[in-house]
Amino acid sequence: MVQLGPAWLYGTPGVAVGLFLARVALEATQRPWPGVLIATVGLLAAMGGLALARWLAQRWRLAKRRIRLWPALLLLVYVLWPQRDLVAAASVAVLAVLVWLLSGETFLPRWSEPLADGATFAAALAVYVATAAPDVLPADAGEFQLVATLLGVAHPPGFPLYTLMGHLFIRLLPWGTPAYRLNLMSGVMAAGALVLVARATRLWARRLQTSPLMAMTGGLAAALVLGTATTFWAQATIANKRTTTAFFAALALYALSRFATAAGPREADGALVLLGLALGLGLGHHPPLVFPGLFFVVYVLLTDPRLVVQLRRWWRPLLAGLVGLLPLAYLPIRGAMGAPQAPPGLDTLPGFLHHFLARGFAGDMFAFANATDLPHRLALLPTLFPFQFNLILLVAALLGLLGLLRRDWRLFVLLAGSLALQTFIAITYRAPQTVEYLMPAYLPVAIAVGLLPSLLSPRIHTPTLLCSLVIWAGLLNGWAHAPSFIELAEDHTARQAVGPLLETAPAGARILADWRWVTPLRYLQQIEGLRPDVEVTEVYPVAGEEYRETWLRRVRETTPERPLLLTHFYQFDGYTTEPWEAGFLLRPRPVMEPMASLTPVAATFGGEVRLLGYNLRHDQFPPSPRRGGGGGGVQFHPGQVVEFVLAWQPAEPLDFQPSFTLRLVDVEGRHVAQDDRALGTDVAPGEVRFERLALPLYPTMLPGRYRVTLGAYIVTDVGFENLTTAEGETAVTLAWLEVEPSTHTPFTLHHRWVPFAGGPTLVGVDYDRSVPDVLRVYLHWQGAADGGAQARVWTADGLEAIAPLPPIQVGAYQTVAVDITLPHSHTSTFPVSPLWLSLTDGQGQAKTASGPWDWPVGEVRLPAPAPDARFVPLGDEMVVVGATARPAASEETMAVDVTLVALRPLTTDDRTSVRLMGGDGRWLDTHDCQPALGAVPTLKWIRGSRVVDRHLLRVPGDFIGGEVRATLVVYEWFRMIPLPPMDGRFAATSEVPLGTWAWVSP
C-alpha cells in the first residue's frame, strides 16, 4: 500500500484553505477585480496555505497526534464552483468543520450522552421559546388557550390530559399572558420529544454495532431533522395538541428501543411498562395514535415472539396503559360541573363516548380511501414531505429504510410500517390539516436519517462523511425555515383582527364568527374581560346545508334592531354589508348613513354618483407613522396591496350602470396601477353602498410619491364615457402614498450574486411565459446604482430587449422587467441559445461584471428559461411558478396542477380557484378549494414552501370545441378579497392564465 506523507496529508488541505479564504475575501468586497489580481491573490494564498500547513504539521506533530486535516479538502467544492455565493461558501465551511470534528478518534466518557441530551433539550427549547407565538391565536390554538385557562372542555376527543397539563403550566409560569404561557408549553413538549427521538436512535444505532460517536451523532442528527421540519417547528411554537401527541409517540419509540436493546428480561419488562404507559397516555390524549401503535405492538412481538405465550408479562404493561387513561375521568367530572364549552350529556356514558370517540367526525375517517379519490391523494405525497424536509434529508431517509431492510428487518417493519400507515390515514382523512395529521410519520423519517451512518461500512470514513452530511442537511433545513419563524414570533394577527372588531362593536351587538375567529373572540371576552355585553356566536357547518345558507339562517335569527357583525363577507338580499375593522356590519336595506368612520370626500360624478368617503385599510399592511407633506403620505413597499373601502350613494335614479376606477398615478401623471368596479343599479337615491377596491404595488414599481385618484364612468354603445364632477374633473384625489425602497431580499428561483463595477449587484433572475410570444425576464438588483444605466438581455440568434435601470439606494432592492418578443417559430422551443446580460452606464460604456470564479467579464450568462417557465406573484403572499394539466375526454375529470411558492410566512386562509373555459370563451367548470385539495392550507406555509395545488374539473358532455384554457384566481376566504396578480398585463381580469390544452375527443 502506498503511504501518503505529511506533504500530501497536510500540505494539500492547506492549499485548499488558502484558495478558499482568498476567494471569500475577494467576494466579500462585492466588486469585480482584474484577472491578474485574482490569479496573484489565489497563488499567494495557496502558497501561504501550503507553507503554514506544513509548518503546523511539523511544529505540533499533527501526524503523531492523529489530527487529520483532510476534511479541509471539502473547501475545494466551493473553490471549483463557478458561481459567487457567500452563503454557499459558509455552508461548505460548516460541512468541512463537521467532518473534521467527527473524523477524529474521540473517546466518549459516560457523561457525554446525558450531556448531549441536556444540550439537545436546552438548544431546542431556546429556539422554540425565541420563536414562540407571542399572543392569542385563532381556531384550535385559541380554543386550547381558552379551555386550559378555564379548565374547560375542548372539541372532540376533549384532550383532558393536555387541558390539565396546560392549566398547571399556566399557573406555574410566572410571566406572560395565559395564551403565551400555553404556547411555551408546546416548546417544552417538543424539546422533550426531540430528546426521546435522539435517545431511541442512539440505542438502535448501538444495536447495529456502530461506534459510540456515530451512535450519539446519529441521535443528534435525528433530533435536528425532526426539530427543523416545517410543521413540527410551527407546532412547537403555538398551543396545540399535536406536539403532545408527538411526545407520547417519541416516548413509545424510546421504550421500543430500550426493549430491543435490553440486557435481560427485567430490563425488557421495564421497557414494556414504559411502552404501556406511553400508549395509554397517548391514546387518552389523541386516539388516532392507535394507528402507529399497531406497529409498535407488532415490533414487540417480532423482537420477542415468546411474548405471545408469556401472558404473565403483559399484566404490568396493561396496567400502566390503564393508568395512562385515568385523565379521561376529567371529561365527565367537568361535564357534570358545567365547565366552559362542555357539551350536554358529557357526564353520561353515551355522551362521554360520543365526545371522546369523536363520533361526529366518523364520516371523515377514510373519506378518500376509494378508487376515485385515492390516486389524487397519493399525488400529494411529492408536496407533503418536501414541505417538511429538504431533498438531502428525504434521500437519506429512503436510504436509511432500505439499509434497515437488509440489516434489521424488524426495525424496518416498525419504521416503514408506521410511516406508511400514518401517511395513508392522513391523506385519506377529510380535514384541511394533512401536514399536521402526518406529524407522527415525521418521527420514523428522522430516525431513519439518524440511523443511516450506522448502516454502512466504516471503511474510508463513509459513516463520518454521511453523519456529517445529514447533520449539515439538517442545519440547512433549519437555516431555510428559521427566518419565517423569527418573523412569526412578532405576529399578532389574531388580536389585530378580532380585538378592534370586539372593542368597536356597538353596544349589545352580536358577532357571528367562523371557527377560526370565534375562539380568539371568546378568549378576549372570557379571559381578558373585553366587552362582555357582546354576544359571540359560532357559525359551524351543518350537514346537508350550504355554508352560505347557514350564515343566512343565523342572520335571520337576529332581530333587525340588534347590531350584527360578521367575520365572513357575504352579500345577502335585503342587507347592506359595511366593512367594519377586520369584519363586516350587516344592516337591513336601505342604509342611509355609514356607521364606520370615513375620511370624507365631497364629490359627485355625472350628477348621479356621490362619493361620501373612504377608508384605507391599515391592519394587514401597517403604514409607517411618518407622513409626508402636502396631503400626507402613507408608506408602503413594492409588492404590497393597498385596499380602499369606498362609501357612495346615488344622487338620483341611475339610468346607466356606473363604474368606479381607482388609479395610482406617479408624479409625472402616468397611471401605474388600476382597479375598476361596476356599481349596482338597484340602489335607491340616498341609499349608501360600499365597495372594496385594491391597488397592487407591483414589484417593479419605483420608490417615490404616488397619488391615488378615483374616477367614474359608464359604458355606452360608442365606448367608455367619463363622469365628471361639478368642477369638470374626471377624477378626485383620495390620498398620497409613499412607496419606500424594498429592504427585503426578493424571492427568486434563480439566485445569483453578480456585482458590476461601479454599479448594482444582480441577486436573482426569473422568467415568465404566461403571455404567448413573450418571454418576460425579471432581473432582481441590489443597490447602489446611479440613474442612467441600461440592462440589455439578448440571445445569440438576435433577440434582445433593453430596459433602463433606475437609481437604487445602497442596500435596497429593485426588480426590473424586460420583455423579449419571440418569433412564432420560437414560442414552443425558445430559447435555442443561451441568454446574456450586459449593463451600460449613461455614456453607453459597458460595466465589468464578476463572471465565473470572479473573473471579470463584460457580459453575464443567465440561466436558461424553461419553455413553460412561470413567475407571477399574487399580492405579497405567493407566486405561481408552474402549471400542468392532464387533458381528458368529455364527462371525465381533468386534473390541473398549479405550483405555488410562498413569498413569506402566511397568516391568511386563502382559497385557490381554477376556471376552465373553451377556446370560444364558454365557461366549462370551476374548482375552488384550499391548496393541494385542502391538504396544505396557506396558514401552514412559510417562505419558500412549494405546493402543487391540484384542481379537478370536468368538461361537459356537450362541449365540442378543440381546446380548453384555464385561469387561476386566489382569494382570502373570510374577507373574499382576491390576491391581485403583480403583473399589469393581467390587471383587467385579476386572473392568471395557466395555459391552453387540446381537448381529447371521446
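None of these values were measured; they are calculated from a predicted model.
- There is no side-chain donor-acceptor pair under 3.5 Å between R911 and S913.
- Checked by atom type, the side-chain pair E877/T908 shows a donor-acceptor distance below 3.5 Å.
- Between the T700 side chain and the T815 main chain, no donor and acceptor come within less than 3.5 Å of each other.
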Could you check R870 against D868 for salt bridge (charged side-chain N to carboxylate O under 4.0 Å, His left out), going step by step and ending with a plain yes or no?
-> CA-CA 6 Å; R870 300 296 178 100; D868 57 349; over 6 Å; no
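- Remark: R677 CZ to L710 CG distance equals 11.5 Å, nearest 0.5 Å.
- Using a distance-only test at 3.5 Å, with no hydrogens or angles considered, no donor-acceptor pair links the side chain of D675 to the main chain of L662.
- Under a cutoff of 6.0 Å and an axis angle of 45°, R943 and F747 do not form a cation-pi pair.
- T848 places no side-chain N or O within donor-acceptor distance of the main-chain N or O of G858, the cut-off being under 3.5 Å.
- Minimum heavy-atom separation, L762 to L862: CD2-CD2, 4.1 Å.
- Once rounded to the nearest 0.5 Å, the distance linking CZ of F756 with CZ of R31 reads 14.5 Å.
- R84 and S850 are linked by a side-chain donor-acceptor pair at a separation below 3.5 angstrom, with hydrogens and angles left out of the test.
- Nearest heavy atom pair, residue L702 against residue V739, reads O-CG1, 4.1 Å.
- Comment: R776 engages D819 in a salt bridge, judged by a side-chain N to carboxylate O separation of less than 4.0 angstrom.
- Side-chain contact check for D854 versus R23: some heavy-atom pair is nearer than 4.5 Å.
- Taking CD1 of I392 as the reference point, atom CG of L394 lies at 10.0 Å (rounded to 0.5 Å).
- A cation-pi arrangement is absent between R965 and W997, since the terminal nitrogen or guanidinium carbon is not both under 6.0 Å from the aromatic centre and inside a 45° cone about the axis.
- In terms of heavy atoms, A883 sits closest to L994 at CB-O, 3.6 Å.
- Looking at N477, its side chain does come within 3.5 Å of a backbone N or O of Q388 through a donor-acceptor pair.
- The local environment of CD in E487 is crowded, with over 12 non-hydrogen atoms from other residues, nucleotides or ligands closer than 6.0 Å.
- Using a 4.5 Å heavy-atom cutoff, the side chains of R792 and W836 are not in contact.
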When you look at L734 and T709, which way does the side chain to side chain contact (heavy atoms under 4.5 Å, CB included) test go after all the steps?
-> CA-CA 6 Å; L734 299 185; T709 68; over 6 Å; no
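- What you find for R946 and T383 is that their closest heavy atoms are O-CG2, 4.0 Å.
- Looking at V879 and P873, their side chains come closer than 4.5 Å, going by heavy atoms from C-beta outward.
- The 12-atom threshold is exceeded at NE2 of H671, counting heavy atoms of other residues, nucleotides or ligands nearer than 6.0 Å.
- Counting heavy atoms from C-beta on, the side chains of V880 and L968 come closer than 4.5 Å.
- To the nearest 0.5 angstrom, L924 atom CG is 5.0 Å from L916 atom CG.
- Considering only heavy atoms from C-beta on, P746 stays 4.5 Å or farther from Q814 through its side chain.
- In plain terms, the two heavy atoms of H481 and F485 that are nearest each other are O-CD1, 3.2 Å.
- The shortest side-chain heavy-atom distance between V898 and R950 does not fall under the 4.5 Å cut-off.
- A donor and an acceptor atom, one from each side chain of D766 and H780, are located under 3.5 Å apart.
- In this structure, CG in L979 is found 5.5 Å from CE in M878, a value given to the nearest 0.5 Å.
- If you check the side chains of D85 and Y78, you find no donor sitting under 3.5 Å from an acceptor.
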Yes or no on side chain to side chain contact (heavy atoms under 4.5 Å, CB included) for V947 and T899, after CA distance, side-chain angles and deciding distance?
-> CA-CA 6 Å; V947 174; T899 304; over 6 Å; no
Assess whether side chain to side chain contact (heavy atoms under 4.5 Å, CB included) is satisfied between L799 and T821, documenting all intermediate values.
-> CA-CA 8 Å; L799 301 177; T821 302; over 6 Å; no
Give the intermediate values and the outcome of side-chain hydrogen bond (donor to acceptor under 3.5 Å, both in side chains) for residues Y813 and T743.
-> CA-CA 6 Å; Y813 296 92; T743 56; over 6 Å; no
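- Between Y767 and F871, the ring center distance fails the sub-6.0 Å criterion.
- Proximity of R692 to F569: side-chain heavy atoms (C-beta onward) are separated by under 4.5 Å at one or more points.
- Counting heavy atoms from C-beta outward, L839 and P760 have side chains that approach closer than 4.5 Å.
- Nearest heavy atoms, P937 versus P931: CA-CD, 4.4 Å.
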Evaluation steps, side chain to side chain contact (heavy atoms under 4.5 Å, CB included), between D876 and R904 = CA-CA 8 Å; D876 68 339; R904 60 179 177 87; 3.3 Å; yes
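- Listed for the Q843 side chain is no donor-acceptor partner under 3.5 Å among the backbone atoms of Q845.
- Judged by a 6.0 Å distance limit and a 45° cone about the ring axis, R975 is not positioned over the six-membered ring of W973.
- Here I942 contributes atom CD1 and L903 contributes atom CG; the two are 13.0 Å apart, rounded to the nearest 0.5 Å.
- Atom CG of D786 has 12 or fewer heavy atoms from other residues, nucleotides or ligands within 6.0 Å.
- Evaluation of the salt bridge (charged side-chain N to carboxylate O under 4.0 Å, His left out) test over residues 916-927, restricted to residues two or more places apart or in two chains, returns R922-D958.
- Here the side chain of T938 pairs a donor or acceptor atom with the backbone of D910 at under 3.5 angstrom.
- Using a 3.5 Å distance cut-off with no hydrogens or angles, the side chains of T733 and R707 do pair a donor with an acceptor.
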